[in-house]
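In what follows, residues are counted from 1 in the order of the sequence shown. This is a predicted model, so every value here is computed, not measured.
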Amino acid sequence: MGEGARTTPLRVDAQRNLEHVLRAAREVFGELGYGAPMEDVARRARVGVGTVYRRFPSKDVLVRRIAEEETSRLTDQARAALGQEDEPWSALSRFLRTSVASGAGRLLPPQVLRVGVEDAAPEDGARVPQQRQSSPGSPELRLVEQRQAPAEESASLGAGDDAGAATLLDVVGRLVERAREAGELRPDVTVSDVLLVIATAAPSLPDAAQQAAASSRLLDILLEGLRSRPV
């Protein structure tokens with residue numbers, strides 16, 4: 001009984017620390033990108049960096065955990081929009097609004113945002129988003145983060161949950177295709193354009209009310225840019 005009484009609180013504390021670390025990691029990576037150091041995560045979680053490493057033996061493991069969770073969250077949001085909205089444009093706009101409000105766009109895994117990326121990079125290494133028209137339904141976003149993570153981190157991110165990323169692209173693709181077939185989405189808009197909207201419309205501001213207002217306003221503008229207009 002004495003041993004059980006001593007170990008139960010430790011398990012509770014360990015679970016609480018894990019939740020604090022994951023919450024802090026989402027905040028830090030969302031604000032600074034996946035290149036942010038583990039020390040920043042520990043400081044935000046108010047735990048020692050050793051506590052973080054006990055749960056996640058390397059930064060790569062923590063990054064993969066966050067990226068996979070955010071991919072799964074976006075996929076669930078896309079499925080909910082598909083299943084609960086009969087009108088194609090309403091389904092697509094609902095998915096975008098829900099995803100932006102959740103902040104998941106700031107944590108999209110790079111392998112999702114690197115569909116169709118060219119091998120050659122500019123000499124300074126800072127690549128920016130570019131769009132090109134593609135065949136309907138094919139993701140053609142050419143994007144690499146401007147804030148470059150160390151090479152070993154970039155490699156681990158690229159080798160993340162590819163199955164989860166493929167599922168996300170497939171479900172969002174159905175939202176895009178429905179809206180396009182209904183004539184409500186510009187014919188040149190791709191799956192990756194939609195994901196770029198999520199990433200772009202999720203700014204990180206110090207004031208929560210300002211952040212929500214800025215996200216909503218920016219998303220309204222971006223949605224207008226996606227929508228088809230009568231000729």
Side-chain heavy atoms of [X] within contact of [Y], under 4.5 Å:
X: Arg97; Y: Asp220; result: yes
X: Glu184; Y: Ser228; result: no
X: Leu175; Y: Val194; result: no
X: Leu195; Y: Leu169; result: yes
X: Leu223; Y: Val197; result: no
X: Leu108; Y: Leu74; result: yes

My understanding is that only residues two or more places apart in sequence, or in another chain, count here; which of them pass side chain to side chain donor-acceptor pair (under 3.5 Å) with [X]?
X: Glu39; value: none
X: Arg54; value: Thr51
X: Arg79; value: none

Q: Please determine if Asp170 and Arg174 form a salt bridge, counting it only when a charged side-chain N lies under 4.0 Å from a carboxylate O.
A: yes

Q) Does a salt bridge link Glu70 with Arg26, judged by any charged N lying under 4.0 Å from a carboxylate O? A) yes

Any sub-3.5 Å donor-acceptor pair from [X]'s side-chain atoms to [Y]'s backbone N or O?
X: Tyr34; Y: Asp60; value: no
X: Ser72; Y: Glu69; value: no
X: Arg186; Y: Gly225; value: yes

Q. With sequence neighbours left out, what residues match Arg178 under salt bridge (Lys or Arg N to Asp or Glu O under 4.0 Å)?
A.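 Once residues adjacent in sequence are excluded, Arg178 has no partner under the salt bridge (Lys or Arg N to Asp or Glu O under 4.0 Å) criterion.
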
Result block: side-chain N/O donor-acceptor pairs under 3.5 angstrom for residues 208-217, not counting sequence neighbours:
from, atom 1, to, atom 2, distance (Å)
Gln211, OE1, Leu205, N, 3.0
Ser215, OG, Ala201, O, 3.3
Ser215, OG, Gln211, O, 3.0

Q. Side-chain donor-acceptor pair under 3.5 Å between Arg94 and Gln77, yes or no?
A.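 Result is no, nothing qualifies.
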
(Q) Would Val61 and Tyr53 count as a side chain to side chain contact (heavy atoms under 4.5 Å, CB included) here? Give the steps. (A) CA-CA 10 Å; Val61 175; Tyr53 277 109; over 6 Å; no

Q | Qualifying residues under side chain to side chain contact (heavy atoms under 4.5 Å, CB included), relative to Glu181, sequence neighbours excluded | A | Glu177

**Q.** Nearest-0.5 Å distance that lies between atom CG in Asp40 and atom CZ in Arg43
**A.**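 So the gap between those two atoms works out to 4.5 Å.
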
